[in-house]
Amino acid sequence: MEGLVQLAYLAVQSVHVDEDELQAARRRALLLLASGGDPRRELRLDSRAVEALAADLDSPERRAQLRAALEGLQANAAALLADDDLAWRTAACALLAEELGE
């Protein structure tokens with residue numbers, strides 16, 4: 001599941017959600033986590049908090065934006081899978097960018 005969550009996280013960065021709306025939905029989801037005991041326990045895709053956040057932010061436009069972003073990731077992954085040298089240099093660039101805070 002971790003790999004899927006990481007891909008979805010990358011893709012959802014391209015989805016427009018008003019910051020105030022996002023923060024309010026996150027707070028409601030965190031309250032659901034807290035009401036169930038430990039708010040830092042491992043998340044599951046079928047948990048009440050995840051399902052509530054998904055429902056709060058759901059719209060056809062956002063789903064379309066997410067799909068388009070995932071399709072872009074798929075195309076980029078295919079390009080990296082086709083060229084091991086490009087993939088390795090791209091990974092090195094990502095590591096360096098992370099170190100530089102970019």
Side-chain angles (χ1 to χ4, degrees):
M1 178 176 94
E2 183 178 331
L4 293 177
V5 171
Q6 290 170 341
L7 281 173
Y9 177 79
L10 289 173
V12 82
Q13 301 308 303
S14 298
V15 176
H16 175 72
V17 180
D18 177 75
E19 190 62 31
D20 290 337
E21 180 183 5
L22 179 58
Q23 290 305 323
R26 281 181 175 161
R27 280 191 301 273
R28 286 189 294 275
L30 288 172
L31 285 172
L32 281 173
L33 278 177
S35 71
D38 181 6
R40 301 203 191 294
R41 70 182 174 275
E42 184 176 330
L43 293 174
R44 295 182 336 269
L45 294 179
D46 63 348
S47 72
R48 286 180 28 205
V50 170
E51 289 178 354
L53 183 60
D56 277 351
L57 299 177
D58 196 7
S59 76
E61 296 82 15
R62 290 178 181 155
R63 285 183 179 241
Q65 291 170 359
L66 181 62
R67 181 177 236 351
L70 288 168
E71 288 169 350
L73 287 171
Q74 182 180 25
N76 289 327
L80 294 176
L81 287 168
D83 185 336
D84 286 344
D85 186 54
L86 175 64
W88 193 246
R89 285 184 290 117
T90 303
C93 183
L95 291 171
L96 187 56
E98 178 185 41
E99 183 64 28
L100 296 172
E102 293 182 12

query = Transitively linked via ILVMFWY side-chain contacts under 4.5 Å: L22 with L66?
reply = yes
inquiry  = If hydrophobic clusters are built by linking Ile, Leu, Val, Met, Phe, Trp and Tyr wherever their side-chain heavy atoms come under 4.5 Å apart, do L31 and L53 end up in the same one?
reply    = no
query = Got a second to check how far L30's CG is from R26's CZ, nearest 0.5 Å?
reply = 9.0 Å
key: Donor-acceptor pair, side chain of D58 and main chain of A54, under 3.5 angstrom   = no
request  = Apply the test side-chain contact (heavy atoms from CB on, under 4.5 Å) to residues L95 and E98: give CA-CA distance (whole Å), side-chain angles for both, the deciding distance (0.1 Å), then the verdict.
outcome  = CA-CA 5 Å; L95 291 171; E98 178 185 41; 4.1 Å; yes
ask   = Do side-chain atoms of Q13 reach the backbone of Y9 as a donor and acceptor pair under 3.5 angstrom?
value = yes
task = Please indicate whether E71 has more than 12 foreign heavy atoms, meaning atoms of other residues, nucleotides or ligands, lying under 6.0 Å from its CD.
result = yes
key: Heavy-atom pair of closest approach, residues D56 and R28   = OD2-NE, 2.9 Å
key: Nearest atoms (heavy-atom pairs only) where D84 meets L81   = OD1-O, 4.3 Å
task = Of all the heavy-atom pairs spanning R48 and L32, show the shortest one and how long it is.
result = NH2-CD2, 2.7 Å
task = Rounded to the nearest 0.5 Å, what's the gap from CG on L80 to CZ on R89? Could you check?
result = 10.0 Å
Verify same cluster id: L10, V12 (apolar side-chain graph, 4.5 Å) = yes
request  = Please check if L86 and W88 belong to a single hydrophobic cluster, counting links between Ile, Leu, Val, Met, Phe, Trp and Tyr side chain heavy atoms closer than 4.5 Å.
outcome  = no
request  = Would you check if L33 and L43 make a side-chain contact, meaning some heavy-atom pair closer than 4.5 Å?
outcome  = yes
request  = Answer yes or no: is there a donor N or O on one side and an acceptor on the other, between the side chain of R62 and the main chain of H16, under 3.5 Å?
outcome  = yes
query = Could you state the interatomic distance from OG (S59) to CZ (R63), rounded to the nearest 0.5 Å?
reply = 9.0 Å
message = Within the structure provided, determine whether V50 and R44 are in side-chain contact (heavy-atom separation under 4.5 Å).
response = no
Heavy-atom pair with the smallest gap, counting every atom of A49 and A29 = CB-O, 3.4 Å
query = Would you say the side-chain atoms of E19 and Q23 include a donor-acceptor pair closer than 3.5 Å?
reply = yes
